[in-house]
Each structure stands twice: as C-alpha cells, then as structure tokens.
Amino acid sequence: MSKSATDDTRVSASGNLVLHTIRDTYTGVSLAIPQRARTTDSNYNNFKFFSGPRAGNPNIVVKSDAAKELTGAVEQLGWHSAPSLENYWPHNAVHERHHGKLKGVIRANMHQCGGPSGLWDYCATYSSIALSATEPAALLPYEKDAAGNPLDPKAPKLEQTCWESFHGKSFDGPMQPFGRLCYYREPNTHPLT
C-alpha cells in the first residue's frame with residue numbers, strides 16, 4: 001500500500017484515510033489502527049487501547065515523529081515523548097523497517113484475498129495482528145552479544161512470538177487468511193444441524 005495522508009482518492013470503504021501504527025519496542029508487537037483523520041483525541045484513544053492496563057504507567061517513552069497530534073496525545077497520557085527532528089527522515093529506523101514489512105504483508109493479503117481495494121484499512125489491522133502472532137519476539141541490542149547471538153540462550157523470549165511476549169499467553173484467536181468467508185459453529189455439533 002502506498003498512499004499519502006493528503007490523497008483522498010484512497011479513502012477506504014469505511015471512510016478511513018490514514019493508519020496509526022504503534023509498536024512495542026521490547027516485544028515487537030504492533031497494531032495498525034485506521035483513522036479518518038490524524039487528531040490528538042484519536043491518537044490518545046489508540047495509545048490507551050494499545051497499552052491497556054499499562055496506560056497508567058508514567059515511565060513509558062514514546063518515540064515518534066514530531067507531529068503535534070502524536071506528542072500531544074503522549075503528553076495527555078502523562079508519558080514521555082521522544083520525537084525526532086521535524087522534516088527529517090528517518091524518524092525511527094526500526095519502526096520504518098517494520099512499516100516496510102507490514103506494507104508487504106498488506107499488499108500480499110490484498111492481492112490474495114481478491115477483495116476490493118477499499119478494504120485496505122481492515123487488511124492493515126489484520127496484517128499487524130497476524131505479524132505479531134507469528135513473528136518471533138524482538139531481541140534488543142543489549143540482549144545479544146557482538147556476533148548477534150542471544151546472551152541468555154535459555155531466555156523465555158527466545159521461544160515466544162511478539163504476541164506471547166507482550167500478552168503473556170499465545171494468540172488464541174482464529175488463524176484464518178484475510179478475506180476468508182467463514183462461519184461460527186458451536187463446538188461438538190454436527191455441521192448440518
């Protein structure tokens with residue numbers, strides 16, 4: 001997916017124009033949340049939803065670009081903002097690489113599902129959750145030696161996905177391809193009844 005926030009020809013079927021992507025540095029879990037516009041209030045709600053019960057922790061540092069709607073939402077939550085320089089790219093190289101990977105997954109999902117391009121917002125959220133549920137948890141530089149090997153080979157993070165490391169349990173939702181038509185059936189019932 002390649003679009004600009006000012007390109008209103010790519011409005012989704014739901015009326016969304018932009019994506020707010022949030023990624024936890026320690027675990028690597030991410031979430032792409034579609035938005036109709038970039039506002040402080042919507043970013044505040046997205047940050048609060050992503051962090052869940054951790055939202056009350058005042059020791060959270062948010063790395064972002066210098067957009068006022070992002071830094072304002074971070075300040076309202078009582079967190080620490082670490083914005084990059086305005087009009088300077090890249091803002092956060094790790095997050096930018098993640099964007100590249102996420103866009104590749106979104107493109108593949110949109111192509112394989114055969115659905116209309118107006119569903120890009122649903123596909124973006126699906127793709128971010130699918131990546132988090134299947135990718136190994138992120139290893140930070142201080143968790144590796146100079147050769148790139150883990151310092152603690154028995155660390156539980158090595159056996160976990162991003163989702164497991166962030167939530168403390170494995171992903172228990174349905175693992176279905178994007179766009180698959182499916183129905184819910186009560187357990188232990190015959191499919192024809």
Side-chain angles (χ1 to χ4, degrees), residues 1 5 12 14-86 90-103 105-106 109 120-144 155-175 178:
M1 304 290 303
S12 73
S14 305
N16 292 309
L17 188 59
V18 295
L19 282 176
H20 181 197
T21 57
I22 306 171
R23 184 175 179 273
D24 179 57
T25 303
Y26 180 71
T27 63
V29 73
S30 70
L31 185 60
I33 305 167
Q35 297 177 325
R36 293 177 187 266
R38 293 188 280 183
T39 65
T40 301
D41 291 338
S42 60
N43 290 335
Y44 174 88
N45 291 333
N46 295 343
F47 282 132
K48 198 164 182 177
F49 175 77
F50 182 80
S51 61
R54 299 177 190 100
N57 183 352
N59 298 323
I60 294 176
V61 176
V62 178
K63 296 178 185 176
S64 68
D65 59 16
K68 300 295 182 211
E69 64 270 10
L70 289 172
T71 57
V74 171
E75 289 169 8
Q76 285 181 10
L77 285 162
W79 297 346
H80 303 283
S81 183
S84 63
L85 299 174
E86 286 190 65
H91 307 297
N92 178 340
V94 175
H95 199 74
E96 296 294 339
R97 279 194 305 274
H98 176 72
H99 275 175
K101 185 187 304 183
L102 179 61
K103 283 195 231 178
V105 173
I106 293 169
N109 282 329
W120 63 262
D121 52 347
Y122 289 104
C123 186
T125 302
Y126 167 86
S127 298
S128 66
I129 293 171
L131 272 175
S132 295
T134 56
E135 274 194 326
L139 280 181
L140 300 174
Y142 63 82
E143 297 175 317
K144 299 183 272 188
K157 198 173 178 186
L158 295 173
E159 305 291 323
Q160 296 175 331
T161 63
C162 298
W163 185 276
E164 289 172 315
S165 184
F166 186 80
H167 292 286
K169 62 179 185 172
S170 61
F171 181 78
D172 57 358
M175 295 290 258
F178 180 72

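Note: Arg36 CZ to Asn16 CG = 5.5 Å, rounded to the nearest 0.5 Å. Lys68 NZ to Thr40 OG1: the interatomic distance, rounded to the nearest 0.5 Å, is 10.5 Å. Note: Ser128 OG to Leu31 CG = 4.5 Å, rounded to the nearest 0.5 Å. Of the inter-residue distances, the one linking Trp79 atom CH2 with Asn57 atom CG reads 9.0 Å to the nearest 0.5 angstrom. Considering CG of Leu131 and OG1 of Thr161, their distance stands at 11.5 Å, rounded to 0.5 Å. Separation of atoms OG (Ser132) and NE2 (His167) is listed at 7.5 Å; rounding is to 0.5 Å.
The neighbour count for Lys101 NZ, taken as heavy atoms of other residues, nucleotides or ligands under 6.0 Å away, does not exceed 12. More than 12 non-hydrogen atoms from other residues, nucleotides or ligands lie less than 6.0 angstrom from CZ of Phe47.
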| message | Before you tell me yes or no, could you show the steps for Asp24 and Phe50 under side-chain contact (heavy atoms from CB on, under 4.5 Å), namely the whole-Å CA-CA distance, both residues' side-chain angles and the distance that decides it to 0.1 Å? | response | CA-CA 9 Å; Asp24 179 57; Phe50 182 80; 4.1 Å; yes
| said: Under the criterion side chain to side chain donor-acceptor pair (under 3.5 Å), I'd like the reasoning laid out for Ser14 against Tyr122: C-alpha separation, chi angles, the key distance, then a yes or no. | reply: CA-CA 9 Å; Ser14 305; Tyr122 289 104; 3.3 Å; yes
| said: Run His98 and Ser30 through side chain to side chain donor-acceptor pair (under 3.5 Å) and show every step you take. | reply: CA-CA 9 Å; His98 176 72; Ser30 70; 3.0 Å; yes
| request: Tell me, with the steps shown, if Thr134 and Met175 meet side-chain contact (heavy atoms from CB on, under 4.5 Å). | output: CA-CA 10 Å; Thr134 56; Met175 295 290 258; 3.7 Å; yes
| message | Please evaluate residues Leu102 and Ser127 with respect to the criterion side-chain contact (heavy atoms from CB on, under 4.5 Å), reporting the C-alpha separation (whole Å), side-chain torsions for both, the decisive distance (0.1 Å), and the verdict. | response | CA-CA 7 Å; Leu102 179 61; Ser127 298; 3.9 Å; yes
| field | Full working for side-chain contact (heavy atoms from CB on, under 4.5 Å) between Val62 and Ser81 | value | CA-CA 5 Å; Val62 178; Ser81 183; 5.6 Å; no
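Between Trp163 and Phe171, the angle of the ring planes goes over 60°, which puts this pair in the perpendicular group of the 30/60° scheme. A perpendicular orientation is assigned to the rings of His95 and His99, their planes being inclined by more than 60° (bins at 30° and 60°).
Side-chain atoms of Ile33 and Thr125, non-hydrogen and from C-beta on, never get closer than 4.5 Å to each other.
When all heavy atoms are compared, the tightest approach of Tyr26 to Leu140 is CD1-CD1, 3.6 Å. Across all non-hydrogen atoms, the minimal contact from Trp120 to Leu19 is CZ3-CG, 3.8 Å. In plain terms, the two heavy atoms of Gln160 and Glu164 that are nearest each other are CA-OE1, 3.2 Å. Residue Ala138 comes nearest to Glu143 through the heavy atom pair O-OE1, 3.8 Å, listed as atom of the first residue, atom of the second, then distance. Residue Ala32 comes nearest to Pro34 through the heavy atom pair O-CD, 3.7 Å, listed as atom of the first residue, atom of the second, then distance. What you find for Arg54 and Ile60 is that their closest heavy atoms are O-CD1, 3.5 Å.
Under the side-chain hydrogen bond (donor to acceptor under 3.5 Å, both in side chains) test applied with Asn43, the options Gln76, Gln35, Lys48 reduce to a single match, Gln35.
A donor-acceptor pair under 3.5 Å is absent between the side-chain atoms of Glu159 and the main chain of Pro156, judged by distance alone.
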